[in-house]
Protein chains: 2
Amino acid sequence: MAGGVEENIMPETKLLAHLKAKGYKLTQQRQQIMDVLLQGKTRLTAQEIFRQLKERNLSVSLDTVYRNLRLLTAIGIVQQISLQSGAVYELVQEEHHHHLVCVDCEKIVCISSCPAMQAYLKDADDATGFDILGHNLELYGRCDDCRNKKTNSHA
Amino acid sequence: MAGGVEENIMPETKLLAHLKAKGYKLTQQRQQIMDVLLQGKTRLTAQEIFRQLKERNLSVSLDTVYRNLRLLTAIGIVQQISLQSGAVYELVQEEHHHHLVCVDCEKIVCISSCPAMQAYLKDADDATGFDILGHNLELYGRCDDCRNKKTNSHA
DNA sequence: GTTTTAAATAATAATATTCTTATTTAAATT
DNA sequence: AATTTAAATAAGAATATTATTATTTAAAAC
C-alpha cells in the first residue's frame with residue numbers, strides 16, 4: 001500500500017479518543033469508517049460505507065466494515081437501526097435518542113430518550129449482574145402518509 | 001399435498017384470534033409457525049422453525065417463515081431478539097418484557113418492562129402522528145461469567 | 001528504532017435474509 | 001357449492017451478513 005492517504009485522516013475527535021480509551025486499536029479502516037459516518041451526516045448502510053471507502057482508495061473489505069460497525073455499536077459509539085431492507089448506522093451524537101420506524105415506507109423519526117430509561121438500565125444492571133454496555137430501542141408503526149395511502153389492506 | 005395434517009392443527013388460541021381480528025388470513029403455514037413457537041417453549045431461529053415445519057411434513061418455504069415472522073413481529077404477536085449470530089423469535093406471552101443480551105456468549109436474560117414505557121409510547125405517538133404498533137428494546141452487555149473469563153482483552 | 005504480541009485485516013467460503021414472479025388459497029360473495 | 005379477489009405461497013435468484021484462516025499492523029516493551 002504505497003502512496004499515502006495521510007491527508008484524508010480524520011482528526012482525533014472525542015469519538016476516537018473514546019475508542020482508544022477502551023483499548024481498541026486505531027486502524028486506518030476504523031478511522032475512515034467513522035469519518036464517513038461523520039461526513040455523511042446521514043444514516044448509511046454497511047454497503048454504502050464500503051462504497052465510499054473504496055472511493056477514498058482505502059484498502060478495505062466488506063467484512064471489515066461489518067465487523068467494525070458491530071464493535072462500534074457494541075461500545076455505544078454507533079447506533080444501528082434495523083429496517084426490513086437491512087440495517088443502517090449513525091454516529092451517536094450529543095443527545096441520546098431513539099427511533100420510530102414506519103413499517104410501510106421505512107421513514108425514520110428521531111424521538112427523545114425515555115427519561116426513566118437511565119434508572120431502568122441501572123436496575124437491570126443491579127438485578128442481573130451484567131455490565132450493561134448499551135441499548136437499542138426501536139418503535140415500529142405506521143406513519144401518517146402511509147395510513148392515508150391505505151385503501152385496500154389492513155387498516 | 002394429499003393426506004392430511006388435520007390432527008396437528010393448533011387450536012384457535014387467543015393469539016390466532018388476535019391475528020384474525022387484524023384481518024390476516026389463517027393459513028396452514030402461519031398457524032403451524034405459531035404452533036412451533038408455542039410448543040417449542042424456547043426461542044428459535046427462522047431456520048430452526050423451518051426445519052421443524054418440514055418434520056411435520058408441511059409444505060413450506062424458508063421465505064414464508066421469514067415473511068410471517070416479520071408480520072407477526074410487526075403486529076406484536078412475536079418478539080424478535082437480534083443476536084450477532086442471527087435473530088431468534090419467541091411468542092409474546094402474558095407479561096410484556098424485554099431482553100438483556102451478553103455481547104460475548106449471547107446469553108439472554110429477560111427483564112421486566114420499563115414502567116414508564118407505556119407513557120413514553122403514548123407521547124411518541126402523539127408527537128409524531130405515527131400509529132405505534134410495537135417496539136423492541138434490547139440491552140447489550142457482558143454477563144458475569146464472561147467478565148470473569150476475560151484475561152487478555154478489553155475489560 | 002527493533003522486537004514482540006495480540007488485535008485487525010483481506011480473501012473467500014458459507015449462511016442468513018430478502019426480492020421477484022407465477023401460482024395457489026382463504027375468505028367473501030353470490 | 002361455484003365465483004371472485006386480494007393475500008399468501010413456492011421456487012429460485014439476488015443481497016446481506018457472518019465465519020474461517022492466513023497475513024498484516026498498531027501498540028507496547030525493549
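Sequence lines set the chain letters: A, B, ... in the order given, protein chains first and strands last, and positions in each chain run from 1.
With DNA chain D read from its 5' end, the first of the two nearest nucleotides for B:G86 and B:K54 is the one closest to B:K54.
Side chains of B:R67 and B:T64: a donor on one and an acceptor on the other come within 3.5 Å.
Atom CD of B:Q79 is separated from atom CG of B:L69 by 13.0 Å, given to the nearest 0.5 angstrom.
Closest contact between the side chain of A:Q47 and the listed nucleotides D:dT9, D:dT17, C:dT9 involves D:dT17. Counting only heavy atoms from C-beta on, A:K25 has its side chain closest to C:dA7 among C:dT17, C:dA7, C:dT18. In the set C:dT17, C:dA8, D:dA10, C:dA8 carries the atom at the smallest distance from any side-chain atom of A:R30. Out of C:dC19, C:dA10, D:dA16, the shortest distance to the side chain of A:S61 is found at C:dA10. The side chain of B:T27 has D:dA8 as its nearest neighbour among D:dA10, D:dA8, C:dA10. Of the candidates D:dA11, D:dA8, D:dA16, D:dA11 carries the atom nearest the B:D63 side chain, counting heavy atoms from C-beta on. Of the candidate nucleotides C:dA8, D:dT18, C:dA10, C:dA8 has the atom nearest to the side chain of A:Y24.
Side chains of B:V109 and B:L139 form no contact here, defined as non-hydrogen atoms less than 4.5 Å apart. Using a 4.5 Å heavy-atom threshold, the side chains of A:I81 and A:E90 count as touching.
Checking the phosphate oxygens (OP1, OP2) of D:dA10, a side-chain nitrogen or oxygen of B:S59 falls inside 4.0 Å. Here B:R67 reaches the OP1 or OP2 of D:dT9: one of its side-chain N or O atoms lies under 4.0 Å away.
Between B:Q28 atom CD and C:dA26 atom C1' there is a gap of 11 Å when expressed in whole angstrom units. Straight-line distance from the CZ atom of A:R70 to the P atom of D:dA16: 17 Å, rounded to whole Å.
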